[in-house]
Number of protein chains: 2
Amino acid sequence: MAHSVSNSLHSQRNPGVEPQPNERSIDTRSRILAAAGPVFAAQGYSGATVREICSTASVNIASVGYHFGDKLGLYREVINDLRLARAKRFPTPNTDPKKPQDTLQALVNTLLARMLISEESAWETELLMREMQNPTPVFESIVEGFFRPLFDQLTETLRLLVNSELPMQTVQHLAFSTVGQCLYYRVGAEAIQVLIPEQQRTSHYDIDSLAQHITAVMLAACEKFATSQQQIAPSDR
Amino acid sequence: MAHSVSNSLHSQRNPGVEPQPNERSIDTRSRILAAAGPVFAAQGYSGATVREICSTASVNIASVGYHFGDKLGLYREVINDLRLARAKRFPTPNTDPKKPQDTLQALVNTLLARMLISEESAWETELLMREMQNPTPVFESIVEGFFRPLFDQLTETLRLLVNSELPMQTVQHLAFSTVGQCLYYRVGAEAIQVLIPEQQRTSHYDIDSLAQHITAVMLAACEKFATSQQQIAPSDR
DNA sequence: GGATGTTTTAAACAATCGTTTAAATTGAGT
DNA sequence: ACTCAATTTAAACGATTGTTTAAAACATCC
């Protein structure tokens, strides 16, 4: 009745005996995976339908049950493949301790490039954004695999730019300030589209311009934080 | 067959003749509205079901069709009531041109308070967040009614803090930097919960601490931007 | 080439969705 | 008390969802 919690392949009736998948089998499997990503990203997990996925993949509806057991099983595989693919495409910039300013600029560029990507792999970012607002059971692994590495590199770089006696929480807040500014140009993209007329948007909202601005803001903050003993140093009161 | 595009009340058969709603009528109507807000916020528009809304409102399922015509009609009313309620609860801080630093601090405080509210009206912010990622036909009116006023006040305040010859786009970017930092502590809340151990989170992530940090970052940036003719002034290269 | 296990297929399943219908109930005016 | 419009109610509608089933098609090995 209820399918036992076993491998992803349902055909594996007797445990320990690996089935030998056909060439067609892995073809339909990969075709489902390729079609599922954009659909999950566009409609969300619960909004996406296995019928639409199988339709765009030119595959029978029962195939997802056969190859992934479940709709959630398919989603897990999509997330897993996404992590592997992105690790290769966006290599973390090599950190040069002698030029932390340049490292910060490179990190901001990488962050913005990940946010504002508009190629055929834009659905990946969309999917990660949906996970941030509607976390599914795979969210924690996403944070550890995706966000933690960049967050650590960002805090290390910012540490070099400020007074080394600043408490760690302040440096972490500076990292969140950096990420937050980058993230806004994706989360708030629809709002910006309403707030700013199109004429201005076309000329000053490319990745390089935004990266330069955000880097300048954070460098100014770091300089001020570097010369102050306290966490906050009001200027006049 | 298909209900004609008319008033929200279906009972209004002959145009020009206002129906006189009962006491019970406006009671069920308001009870539906009160129940719909949190459900829409928690499940999203398409995820929410009129059955759950009517169940928590202790109202028949057909009532939403009678009073609001449609599920979307109910949603529009929820958004409309939300705008009116929030305009009263979060009055925009009065802007004193002589102390732009204080005005900025107050604006950041208001922004963060709107983001991190955890009272019984937390569903309102949740609903606005969902609109940002999954815009419905009411999104544009939300931006104009909710975001535009604070965005304008923010740009005016920042204008007083920087060189008055700076191009408008730079000031707008500074406003987005401010909003982005505040927004991150809500959008990235789930990620922060994984990245930062609970022990640290309890002591340095209250509204006042975060507002002080963000204000300090933006004041540092403004000071630097005020003394530079160019939009970006690299320090050493 | 027949036997065996793997994969695909069409069809149906039960559950749930938003919406509609027609009758029952209520409330106010005369 | 009767009338008539407003409102509520239970029930059903058609459509769509994820999942399952049993048979057909395929591939592989002896």
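Note on naming: letters A, B, ... go to the chains in the order of the sequence lines (proteins, then strands), and numbering restarts at 1 for each one. All values below were derived from every heavy atom in this structure, side-chain atoms included, with hydrogens, water molecules and symmetry-related copies excluded.
Between A/Tyr66 atom OH and C/dT8 atom P there is a gap of 7 Å when expressed in whole angstrom units. Rounding to whole angstrom units, CD1 of residue B/Ile32 and P of D/dT7 are separated by 12 Å. Atom CZ in A/Arg31 sits about 15 Å away from atom P in C/dT7, given to the nearest Å. Per the geometry, CG belonging to A/Asn60 stands 14 Å off P belonging to D/dG18, to the nearest Å. Protein atom NE2 of B/His67 is 16 Å distant from nucleotide atom P of C/dT19, rounded to whole Å. We find that CD1 of B/Ile61 is positioned 9 Å from C1' of D/dA10, with the value rounded to whole Å. Atoms CG (B/Leu72) and P (C/dG18) sit 12 Å apart, rounded to a whole Å. The nearest whole Å value for the distance from the CZ atom in A/Phe68 to the C1' atom in D/dT20 is 18 Å.
With contacts defined as side-chain heavy-atom distances shorter than 4.5 Å, the pair A/Lys71/A/Tyr45 qualifies.
Side-chain contact of A/Asp206 with A/Ser209: a donor-acceptor pair under 3.5 Å is present, judged by distance alone. A donor and an acceptor atom, one from each side chain of B/Arg130 and A/Asn134, are located under 3.5 Å apart.
For A/Thr56, the side chain to side chain donor-acceptor pair (under 3.5 Å) criterion is met by no residue, not counting sequence neighbours. Considering only residues two or more places apart in sequence or on other chains, A/Ser46 meets the side-chain contact (heavy atoms from CB on, under 4.5 Å) condition with none of them. For B/Thr28, the side-chain contact (heavy atoms from CB on, under 4.5 Å) partners two or more places apart in sequence, or in a different chain, are B/Arg31, B/Val59, B/His67.
Ring planes of A/Phe176 and A/Phe151: parallel class, angle under 30° (limits at 30 and 60°).
Residue B/Lys71 places its side chain closer to C/dG18 than to any other of C/dT8, D/dT9, C/dG18. Taking every side-chain heavy atom of A/Ala62 into account, D/dT20 is the closest of C/dT8, D/dT20, D/dT9. Side chain of B/Asp70, nearest nucleotide from D/dT9, C/dT19, C/dT6: C/dT19.
Sorted by residue number, the members of residues 33-52 of chain A with any non-hydrogen atom under 4.0 Å from DNA chain C read A/Arg51.
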Please output the side-chain donor-acceptor pairs of residues 184-200 of chain B that fall under 3.5 Å, not counting sequence neighbours, one pair per line with the distance.
| from | atom 1 | to | atom 2 | distance (Å) |
| --- | --- | --- | --- | --- |
| B/Arg186 | NE | B/Met115 | O | 2.7 |
| B/Arg186 | NH1 | B/Glu126 | OE1 | 3.1 |
| B/Arg186 | NH2 | B/Met115 | O | 3.2 |

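Looking only at distances, a side-chain donor or acceptor of A/Ser30 sits under 3.5 Å from a matching main-chain atom of A/Ile26.
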Protein N or O to nucleotides 22-24 of chain C N or O, pairs below 3.5 Å:
none

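Phosphate contact (OP1/OP2 of D/dT7, side-chain N/O of B/Ser63, threshold under 4.0 Å): absent.
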